[in-house]
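One structure is given here, and the rest of the page talks about it.
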Amino acid sequence: MTDLPTITWGLLERATREAPPSAQVADEWLARLQGPLRVGVVGAAGVGRSTVVRALAGAPFEVVEGDAAVRLWLVRRPDEAVAADAVSTIVVLARADELGGGRVDAVAAAGRVAARHAREDLGERCQAVVAVAALPAVGGLRLTRDDANALAALVHEPDALLSVDRLRARVGAALPDKLGMFGVRVAVELVRQGAAVPSGLVHHSGVQDLLDAVDTHFLARAGVLRARAALLAITPLLRGHPLSADVERVLASAHEPHELRLLAALDAGRVSFGHRDEEARYLLGAHGTSPAARLAVSGDAYPAHLRWQALTESPDLTHDEQRAAATVARSCAALVAVGVVE
Ligand SMILES: Nc1nc2c(ncn2[C@@H]2O[C@H](COP(=O)(O)OP(=O)(O)O)[C@@H](O)[C@H]2O)c(=O)[nH]1
Ligand SMILES: [Mg+2]
């Protein structure tokens, strides 16, 4: 089985030569397939897009406001995330610190809400759901000496942290504006523990969780995700051209997007094969997509294929689990084919 990125490269080159209306876009995508992954930040005005872009500055991928091959879809409430291209979307519960009046555990609590939605209603619509408070993470990187002094003083003045008004009366507006009530409370706690404030805020704000999710769901699969985005981008430009049938066939038959969906379902706990989950994750490419990486736990591809094929008819599995087993079996079949060729 030739992989999707390789097939896509060939189709894009053909598009530049044979299909003039799509040539320019195909050419742009050929260049983009070799560059860093672009991650788009989308959502309603005021949801916190610019702040998330700032919080991700310096990450090992390119962050842009607006749509891209893959996207972070910012929402205030989970029910705003109604339709998305699941494989290329991470839903972000933005400004999560504002929940519960900026309590110290606000983002952690929002994180549990996010995980529940990933298991339940949002699971089919995205790769992951993450709760993030970007403002305190950004603010933590811009603290001045005065801010640091104010935080140190607040360690001994718990009453000043009881409300925004009290905090403003004590330290002025600059610090609460920079970090938010949640951020100030967390930062004071970090100072009390003798921990570094900027990196502590990145962790407690969920920004580290977001970076990890982008790493797992996007960066590790950048080749497939970009290839798919490129084919989707040229599809409308090929209407009526013979190449369009080839592109549609590749998009419809590519196995990798099914692997990504199943990995997300396993991560969120929507699907489980019990003690076989770990083997499934390897075979699906969670720990590397080379044949050797996929087979690291199973050993030989052929017996693995037989075992997973048998599970597609196992009476111990639900219908959904049988279908999921068929996805793993198909990954195994491709590995068997690779072994035959070598
Ligand atoms: N408390 C809090 N406020 C935030 C957060 N992110 C953004 N904001 C504030 O929300 C407002 C809109 O943010 P912005 O990033 O400009 O939103 P955009 O319109 O989507 O780009 C600004 O006043 C931000 O300071 C956050 O994580 N927590
Ligand atoms: Mg903005």
Side-chain angles (χ1 to χ4, degrees), residues 38-59 62-68 70-82 84 89-115 117 126 128-144 147 150-151 154 160-168 171-190 197-214:
R38 291 178 81 202
V39 178
V41 178
V42 301
V47 72
R49 294 161 304 178
S50 303
T51 310
V52 164
V53 170
R54 254 180 275 140
L56 297 179
E62 194 185 334
V63 192
V64 294
E65 247 183 83
D67 214 2
V70 295
R71 70 201 59 80
L72 305 175
W73 186 2
L74 273 50
V75 295
R76 296 303 296 274
R77 296 194 327 268
D79 61 2
E80 290 168 34
V82 285
T89 303
I90 291 174
V91 170
V92 176
L93 300 185
R95 302 176 63 161
D97 57 311
E98 293 175 324
L99 301 170
R103 285 202 322 262
V104 186
D105 62 352
V107 176
R112 289 191 290 277
V113 171
H117 283 283
C126 58
V129 187
V130 187
V132 173
L135 181 74
V138 170
L141 302 172
R142 294 170 36 227
L143 292 175
T144 62
D147 294 331
L151 289 171
L154 288 169
L161 296 173
L162 289 175
S163 72
V164 186
D165 291 342
R166 287 194 196 208
L167 182 61
R168 286 224 173 94
V171 301
L175 189 60
D177 284 354
K178 205 176 275 181
L179 297 182
M181 200 61 201
F182 162 89
V184 172
R185 285 173 173 148
V186 170
V188 169
E189 195 49 41
L190 288 165
V197 173
S199 59
L201 282 171
V202 167
H203 273 272
H204 290 279
S205 64
V207 169
Q208 188 58 51
D209 293 336
L210 181 58
L211 285 165
D212 292 345
V214 169

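Side chains are part of it too, since the values below use all heavy atoms of this structure and drop only hydrogens, waters and symmetry mates. Counting starts at 1 for both ligands and their atoms, following the listed order.
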**Message:** Below a 4.0 angstrom heavy-atom separation, can you tell me which part of D97, side chain or backbone, both or neither, approaches ligand 1?
**Reply:**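 Looking at D97 and ligand 1, just side chain atoms fall under 4.0 Å.
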**Message:** One residue to check: R95. Relative to ligand 1, which of side chain, backbone, both or neither has a non-hydrogen atom less than 4.0 Å away?
**Reply:**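 Both backbone and side chain.
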**Message:** Contact between ligand 1 and S50 is defined here as a heavy atom of the residue under 4.0 Å from a ligand atom; is it met?
**Reply:**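 Yes.
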**Nearest candidate to atom 15 (O) of ligand 1, where distance is taken over non-hydrogen atoms, out of T51, V207, V42** =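 It is T51 that holds the nearest heavy atom.
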Identify the closest protein heavy atom to [atom]: which residue and atom is it, and at what distance?
| atom | answer |
| --- | --- |
| atom 26 (C) of ligand 1 | L135 CB, 3.3 Å |
| atom 12 (C) of ligand 1 | G46 O, 3.7 Å |
| atom 27 (O) of ligand 1 | A134 N, 3.0 Å |

**Item:** Residue G48 vicinity, atoms of ligand 1 by number, heavy atom under 4.0 Å
**Value:**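 Here the atoms of ligand 1 in question are 7 (C), 13 (O), 14 (P), 15 (O), 17 (O), 18 (P), 20 (O).
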**Message:** Can you name the atoms of ligand 1, numbered from 1 with element, that are less than 4.0 Å from a heavy atom of E98?
**Reply:**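 That gives atoms 1 (N), 2 (C), 3 (N) of ligand 1.
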Which value, rounded to the nearest 0.5 Å, describes the distance between [X] atom [atom1] and [Y] atom [atom2]?
| X | Y | atom1 | atom2 | result |
| --- | --- | --- | --- | --- |
| L151 | L175 | CG | CG | 5.0 Å |
| R142 | D147 | CZ | CG | 9.0 Å |
| L74 | L93 | CG | CG | 9.0 Å |
| H117 | R77 | NE2 | CZ | 10.5 Å |

**Message:** Donor-acceptor pair, distance only, cut-off 3.5 Å: does the side chain of R185 make one with the backbone of G102?
**Reply:**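 The answer is yes, because a donor-acceptor pair under 3.5 Å joins these two groups.
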**Asked** Any donor-acceptor pair under 3.5 Å linking the side chain of K178 with the backbone of P136?
**Response**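 Judged by distance alone, no pair lies under 3.5 Å.
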**Message:** Are the side chains of V132 and D209 in contact, using a 4.5 Å heavy-atom criterion?
**Reply:**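 No, their side chains stay 4.5 Å or more apart.
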**Prompt:** Any N/O/S atom, backbone or side chain, of S50 lying under 2.8 Å from the Mg ion (ligand 2)?
**Reply:**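 Here the distance criterion (N, O or S atom, under 2.8 Å) is met by S50, so yes.
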**Request:** Using a distance threshold of 4.0 Å (strictly less than), state whether atom 21 (O) of ligand 1 has a protein heavy-atom neighbour.
**Result:**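 Flag for atom 21 (O) of ligand 1 set to true, protein heavy atom closer than 4.0 Å.
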**Message:** Taking D177 first and then R168, would you say they form a salt bridge - that is, a charged N and a carboxylate O separated by under 4.0 Å?
**Reply:**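 Judged by the 4.0 Å cut-off on N to carboxylate O distance, D177 and R168 do form a salt bridge.
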